[in-house]
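Starting from 1, each residue takes its place in the sequence as its number.
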Amino acid sequence: MLAPPSRPFAQVRGVVRLLNTAGGRVLCLAGEVDDDAVAAFLHRYGGEPVRVDAVDAGSVTGLSSAGRQLLVDHLDAAAARTGRPLPVRRSPELARALAEDGTRRATRPG
């Protein structure tokens with residue numbers, strides 16, 4: 001089992017969740033997605049990328065390297081599964097983080 005975050009779940013400043021919507025499963029990231037927010041997600045859903053149809057990160061204010069890796073892993077897994085990039089709703093912070101990693105090519109605006 002994966003380790004829980006170092007802070008209590010109530011004190012985690014960012015959110016990473018899966019939502020079931022009419023359009024499919026959406027990976028949602030919001031706020032300061034730090035290592036503890038990622039650890040909380042991994043503790044709940046496991047270490048392997050889950051199947052998602054879109055990413056909503058329009059309200060991300062910060063993204064740690066663990067958050068960036070989680071996102072890239074999900075984008076890569078979805079692209080390999082479907083043969084096309086996922087729609088991604090991006091905040092300015094997320095757009096900067098993806099540009100630093102060269103991940104823009106693996107996403108399409110959502």
S.K.: If we ignore hydrogens and angles and just use 3.5 Å, is the side chain of D76 paired with the main-chain N or O of A78 as donor and acceptor?
M.R.: no
S.K.: Shortest non-hydrogen contact from A54 to L86?
M.R.: N-CD2, 4.0 Å
S.K.: According to side chain to side chain donor-acceptor pair (under 3.5 Å), who are the partners of S64, at least two apart in sequence or on a separate chain?
M.R.: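 Checked S64 against side chain to side chain donor-acceptor pair (under 3.5 Å); matches are D35.
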S.K.: Decide yes or no on side chain to side chain contact (heavy atoms under 4.5 Å, CB included) for L27 and V16, but give the supporting numbers first.
M.R.: CA-CA 7 Å; L27 177 66; V16 183; 3.9 Å; yes
S.K.: Does the distance from a Lys or Arg side-chain N to an Asp or Glu carboxylate O, for R89 and D56, drop under 4.0 Å?
M.R.: yes
S.K.: Could you work out, with side chain to side chain contact (heavy atoms under 4.5 Å, CB included) as the rule, every residue matching T21, not counting sequence neighbours?
M.R.: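 T21 satisfies side chain to side chain contact (heavy atoms under 4.5 Å, CB included) with L19, V26 only.
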S.K.: Could you report the tightest heavy-atom contact between A37 and E32, atom names first, then the distance?
M.R.: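 Heavy atoms of A37 and E32 come nearest at CB-O, 4.4 Å.
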S.K.: Taking it one step at a time, do D34 and L63 satisfy side chain to side chain contact (heavy atoms under 4.5 Å, CB included)?
M.R.: CA-CA 6 Å; D34 60 9; L63 192 64; over 6 Å; no
S.K.: Check for a donor-acceptor pair, side chain of D73 on one end and backbone N or O of P49 on the other, with a separation under 3.5 Å.
M.R.: no
S.K.: Residues two or more places apart in sequence or in another chain: which of them pass side chain to side chain contact (heavy atoms under 4.5 Å, CB included) with A57?
M.R.: L29, V55, V60, L94
S.K.: Minimum heavy-atom separation for H74 to V50, with atom names?
M.R.: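 The answer is NE2-N, 3.1 Å.
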S.K.: Indicate yes or no for a side-chain donor-acceptor contact from S59 to the backbone of G31 under 3.5 Å, with no hydrogens or angles considered.
M.R.: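 Judged by distance alone, no pair lies under 3.5 Å.
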S.K.: Counting only N and O atoms by type, is there a donor-acceptor contact under 3.5 Å from the side chain of R81 to the main-chain atoms of V52?
M.R.: yes
